[in-house]
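Whatever order the structure lists ligands and atoms in, that order sets their numbers, starting from 1. Keep in mind that the numbers below use all heavy atoms, side chains included, and drop hydrogens, waters and symmetry copies.
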Amino acid sequence: MFRGGSATLLPTRPTETTVPTREYDVVIIGGGPAGLSAGLYSARARRRSLLIEKKGAGGQIATTDIVENYPGFPDGIDGFELGQLMHRQASKYGMDTEYAVAERVERLDDGRFRVHLDTEEAIEGKVLIVTAGADYNPLGLESEERLTGHGVSYCATCDAAFFVGQTVAVVGGGDSAMEEALFLTRYANKVYAIHRRDTLRASKIMQERALADPKIEFIWNTAVEEIEGGDNLSGVRLHNLKTGEKQELPLDGLFIAIGQTPNSPLISQFVTLDEGGHVPVNEWMETGVPGLYAAGDLRCNSARQVVSSAGDGATAAIAAERYLSEHFADLFE
Ligand code: NAP
């Protein structure tokens with residue numbers, strides 16, 4: 001649906017730049033499963049491909065203890081290791097990696113993209129695949145970061161299986177929180193749903209399901225004031241926002257589902273983001289701007305899984321390859 005016209009792509013003059021610039025066919029921003037998969041496909045298509053990543057390979061999975069739902073690993077795989085393996089695989093076929101922060105993107109007169117890095121360098125690409133992901137919104141408590149991966153999680157699909165027969169809580173009142181709570185009932189004995197108001201934001205059907213589930217107990221008008229535990233989570237301290245009452249709640253697991261913030265500002269000048277800041281794309285991950293793709297958690301309606309993000313990245317790279325063949329015939333120049 002977004003197959004863009006080519007009239008604006010006829011080579012014209014490049015925009016002047018004074019910073020050192022390198023040129024690639026495919027530039028990818030974000031080194032999670034979507035970006036690494038896009039890099040693998042683009043490099044195997046023998047396109048000069050560069051992945052720009054600010055931290056390390058793997059994105060969110062790099063901080064996941066064990067990934068148990070990525071096909072091919074029946075015993076699960078350490079998230080960090082999976083990221084490293086994906087990176088090694090793409091690099092083996094020639095994908096370059098630049099560890100830097102992409103600060104600004106411009107579209108040149110000839111339809112290519114120029115990415116300005118925090119290293120005072122710029123990278124130009126005939127296509128740009130943005131796979132910068134989304135960050136889970138944190139509660140912002142001091143202990144939260146320390147206990148993440150040690151009882152505190154942002155993804156029930158990833159981590160629920162660690163809590164068989166145990167007591168967990170979900171924070172939030174949206175669809176994500178209800179979905180997490182319902183998923184957790186398959187494993188945990190007891191699921192508390194802690195919400196700061198007395199009405200849910202979630203869709204009616206999700207509300208009905210969660211409210212009807214005997215394993216889920218709602219704690220209304222309540223904020224998590226502190227997350228407690230030494231090496232591992234032991235519980236939370238709650239604060240009733242109506243009565244002022246404080247309460248200790250012992251827990252084995254705490255799932256925070258208070259929304260996500262997509263890392264989309266980088267390309268917001270090119271596309272109209274949805275309410276949540278996600279990038280609308282079609283089934284080929286095309287944004288509507290010729291040569292610009294968005295894949296993974298950054299895009300609208302992402303399933304937010306390693307496997308679906310990897311699929312997105314591959315899809316974007318295949319679409320990009322077709323676009324390059326159509327518009328830039330200089331494969332081996
Ligand atoms: P959301 O709809 O924005 O809900 C976030 C929830 O977290 C709200 O209940 C909010 O409380 C609460 N919250 C926000 N900041 C908080 C804080 N600092 N402390 C405590 N609670 C806080 O986010 P979402 O649930 O991730 O959903 C995002 C979008 O994806 C929505 O459009 C949703 O419909 C969609 N989605 C759909 C499905 C599905 O259809 N199966 C599944 C997941 C997500 P308040 O209500 O008081 O603001």
Side-chain angles (χ1 to χ4, degrees), residues 60 69 132-145 147-148 152-160 168-186 191-213 216-228 233 235-247 249 251 253-265 268 271-281 294-309 312:
Q60 275 181 13
N69 52 8
D135 294 327
Y136 292 112
N137 293 341
L139 286 169
L141 299 170
E142 214 181 305
S143 47
E144 189 174 356
E145 202 176 325
L147 290 170
T148 295
V152 175
S153 169
Y154 298 82
C155 175
T157 318
C158 318
D159 296 332
V168 300
V170 175
V171 186
D175 277 322
S176 294
M178 295 308 103
E179 203 168 63
E180 302 265 285
L182 286 162
F183 189 77
L184 280 160
T185 61
R186 299 182 197 180
V191 180
Y192 291 100
I194 303 166
H195 183 38
R196 63 184 178 184
R197 294 187 295 125
D198 59 3
T199 50
L200 295 168
R201 181 181 293 277
S203 56
K204 275 278 172 276
I205 188 148
M206 294 298 280
Q207 292 196 25
E208 283 164 15
R209 280 187 202 151
L211 289 164
D213 196 297
I216 301 177
E217 182 179 333
F218 280 83
I219 303 179
W220 301 106
N221 301 311
T222 296
V224 174
E225 199 173 67
E226 193 51 86
I227 302 173
E228 292 165 338
L233 171 82
V236 287
R237 189 166 70 237
L238 301 178
H239 177 207
N240 186 307
L241 300 169
K242 281 230 160 122
T243 63
E245 192 191 331
K246 311 259 174 162
Q247 180 194 346
L249 182 67
L251 291 173
L254 178 69
F255 289 79
I256 298 164
I258 59 170
Q260 288 198 357
T261 304
N263 296 313
S264 52
S268 58
V271 292
T272 305
L273 304 174
D274 78 358
E275 261 183 20
H278 301 91
V279 182
V281 292
D297 288 4
L298 179 84
R299 74 163 172 100
C300 289
N301 301 321
S302 163
R304 299 189 205 155
Q305 299 301 303
V306 183
V307 64
S308 57
S309 288
D312 271 12

Quiz prompt | Closest heavy-atom pair and its distance - Leu251, Leu254 | solution =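 In terms of heavy atoms, the two residues are closest at CD1-CD1, 4.1 Å.
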
Quiz item: Any salt bridge (Lys or Arg N to Asp or Glu O under 4.0 Å) pairs touching residues 169-181, not counting sequence neighbours?
Solution: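 Of all non-adjacent pairs touching residues 169-181, none passes salt bridge (Lys or Arg N to Asp or Glu O under 4.0 Å).
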
Quiz item: Checking Ser302 side chain against Arg299 main chain: does a donor-acceptor pair fall under 3.5 Å?
Solution: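 No.
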
Quiz prompt | Phe255 side, atom CZ; Phe183 side, atom CZ - distance, nearest 0.5 Å | solution =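 Going from CZ on Phe255 over to CZ on Phe183, the span is 9.5 Å.
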
Exercise. Any pair with a residue in residues 132-145 that passes side-chain hydrogen bond (donor to acceptor under 3.5 Å, both in side chains), sequence neighbours left out, goes on the list, sorted by first then second residue, please.
Key: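 For residues 132-145: Asn137-Thr261, Ser143-Glu226, Glu144-Tyr154.
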
Acceptor/donor pairs from residues 194-201 side chains to any protein atom, 3.5 angstrom cut, sequence neighbours excluded:
| residue | atom | partner | partner atom | Å |
| --- | --- | --- | --- | --- |
| His195 | NE2 | Thr199 | O | 2.8 |
| Arg197 | NH1 | Thr199 | OG1 | 3.1 |

So what's ligand 1 close to, N/O to N/O, under 3.5 Å?
| residue | atom | partner | partner atom | Å |
| --- | --- | --- | --- | --- |
| ligand 1 | 9 (O) | Gly173 | N | 2.9 |
| ligand 1 | 9 (O) | Gly174 | N | 3.3 |
| ligand 1 | 11 (O) | Arg196 | NE | 3.2 |
| ligand 1 | 11 (O) | Arg196 | NH2 | 3.4 |
| ligand 1 | 25 (O) | Asp175 | N | 3.3 |
| ligand 1 | 25 (O) | Ser176 | N | 2.9 |
| ligand 1 | 25 (O) | Ser176 | OG | 3.2 |
| ligand 1 | 26 (O) | Ser176 | OG | 2.6 |
| ligand 1 | 34 (O) | Asp175 | OD2 | 2.6 |
| ligand 1 | 41 (N) | Glu179 | OE2 | 2.8 |
| ligand 1 | 46 (O) | Arg197 | NE | 3.4 |
| ligand 1 | 46 (O) | Arg197 | NH2 | 2.8 |
| ligand 1 | 46 (O) | Arg201 | NE | 3.0 |
| ligand 1 | 46 (O) | Arg201 | NH2 | 3.4 |
| ligand 1 | 47 (O) | Arg196 | NE | 2.9 |
| ligand 1 | 47 (O) | Arg197 | NE | 2.6 |
| ligand 1 | 48 (O) | Arg196 | NH2 | 3.0 |
| ligand 1 | 48 (O) | Arg201 | NE | 3.3 |
| ligand 1 | 48 (O) | Arg201 | NH2 | 2.6 |

